There are 2 protein chains.
Amino acid sequence: MPGAHRRPRLLPEPTIARLPIYQRIAEELVRRGLDTVSSDDLGRLAGVSAATVRRDLSSIGPFGTRGSGYDTAHLSRRTAELLGGDSTFPTVIAGIGNLAKALINSPLFGDRTAKIVALYDVDVDIVGTYVGGLQVRRLADEDGTSFVDPPAIGILTCPASAAQDVADGFCDMGIRALMTFSPRVLEVPREVTVRYVDVSIELQILTYHLEHGRGPLNGGLLHNLGVSPVRVALHP
Amino acid sequence: MPGAHRRPRLLPEPTIARLPIYQRIAEELVRRGLDTVSSDDLGRLAGVSAATVRRDLSSIGPFGTRGSGYDTAHLSRRTAELLGGDSTFPTVIAGIGNLAKALINSPLFGDRTAKIVALYDVDVDIVGTYVGGLQVRRLADEDGTSFVDPPAIGILTCPASAAQDVADGFCDMGIRALMTFSPRVLEVPREVTVRYVDVSIELQILTYHLEHGRGPLNGGLLHNLGVSPVRVALHP
DNA sequence: ACATGTGAAAGAGTTCACAGCC
DNA sequence: GGCTGTGAACTCTTTCACATGT
């Protein structure tokens, strides 16, 4: 029977990219003891339009109440769940410089969602040292026997010249998600997701706008979604 | 969206975001002594379609030659110029931790396009110290008298809790371009461009894809443009 | 023959506007 | 009255397809 089979619909990529923002805000609102939030207020806090908020939230399974707004606790729970907050993804990092240390010392990687389980480098002065409680090893020496669970996320903070080799090594280890800080397009198998965090590109986008007289569009949050946050008070 | 009054722009934002990639590749091709490149090859190297390459390049002033391809030297020059490569933008950084040090020590900031001219922090152990040849000062003490040219770019590597105050301070200094690493939506005057580099969001996008099985879409480069680079040889 | 440049079509995402419900 | 949920309109971007030029 045509149409009877309901496939779990993927969310549009821009919506996925906004979920972490909603999550962060909902968590904060719960912390402040606010039970509900309107699409209008949430939109202002997230820097997107109320219509976009309603479209996004209705697509992750409506839980708003007409007349009052969205339940902050429910919103927080649902977004956290969608973003994999209930799972733990073993994470490895290659290229242990200042940037890697900044990441390792940040609150991003606890034992919660992404847990760092291995550090790699090639520099003889760095291999063998301990950073954040883990001994730095050589990626080439990795045989996978030391992992309790196989790594799921790989982070590249290595020089651009090494990026493709490291990415190949990570993919061979079975990693399915890469975040790279190297200014380099990576070629990976189709089933691997790659996120590029490219500061040089960001900087050049800024200089483009400076060079061409301003951009009224404060885009950029969530990847150029055309967001233009305005100064907002939670309770005007 | 409220407050998002957009004026017609010279180039579409996604095209602007791809310019740095074309720039980087064109530079590399010139270095390798290749005089021309086809939209097909350039697309594979940049991880976008040939049609997109042709649309982008034709919109920045056609300089391809039918039958042979694009002149790499010309392409490199034109993109560099569009991206402000001929100007120097004084840049300041607030929040001098590992991340800031990684940026300061990176080749991104020379005397070329973005030149770092001031460092700020509030920590008494950090204020007064020298990092990369500059003495860290307090943003609150800044009266602007020490600048030869007024700063154009502000970078926030401070804790999220301080981000809005720092952004306010930067905007008061007349800065028109911000890059922030704090997980926080910034509210700034309309004429200020903001780029968000939010590792926690990137990480959560990865965990979303891991949680929901596959993502054949290796999007992310240039902000989720739906790019899916495949392994490519320059001259097959 | 080959590759660009570009109208036209398609696709993706956002915003409008209002019906529906609290 | 207020606010969500959603079909429809609209805007922006990409892709197609081929005329155009070398």
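Proteins get letters first, then strands, A, B, ... in listed order; numbering begins at 1 in each. Here the structure is a predicted model, which is why all the values come from computation and not from measurement. Worth knowing before you read on, the calculation uses all heavy atoms, side chains too, and leaves out hydrogens, waters and symmetry mates.
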Minimum-distance pair of heavy atoms, taken over all atoms of B:G64 and B:Y70: CA-CD2, 3.5 Å
Residues in side chain to side chain donor-acceptor pair (under 3.5 Å) contact with B:S38, at least two apart in sequence or another chain: none
Those residues that, when tested against A:D35, pass side chain to side chain donor-acceptor pair (under 3.5 Å) (two or more places apart): none
Integer-rounded Å distance: D:dT14 C1' and B:I16 CD1: 17 Å
Pairs where residues 72-86 of chain A contributes a residue and the test side chain to side chain donor-acceptor pair (under 3.5 Å) is met, not counting sequence neighbours: A:Q23-A:S76, A:R78-A:E81
Length of the line joining B:L11:CG and D:dT14:P, which is rounded to integer Å: 12 Å
Contact list for DNA chain D against residues 54-81 of chain B - heavy-atom distance below 4.0 Å: B:R54, B:R55, B:R66, B:G67
Phosphate OP1/OP2 of D:dC3 contacted by A:S38 side-chain N/O (<4.0 Å): no
Closest to the B:S49 side chain, choosing from C:dC16, C:dT14, D:dT15: D:dT15
With a 3.5 Å cut-off and sequence neighbours excluded, list the donor-acceptor pairs that the side chains of residues 152-163 of chain B form with protein atoms.
from	atom 1	to	atom 2	distance (Å)
B:T157	OG1	B:A94	O	3.1
B:T157	OG1	B:G95	O	2.5

Protein-nucleotide distance (A:D40, atom CG; D:dG2, atom P), rounded to Å: 12 Å
Salt bridge (Lys or Arg N to Asp or Glu O under 4.0 Å) pairs, two or more places apart, involving residues 56-68 of chain A: A:R18-A:D56
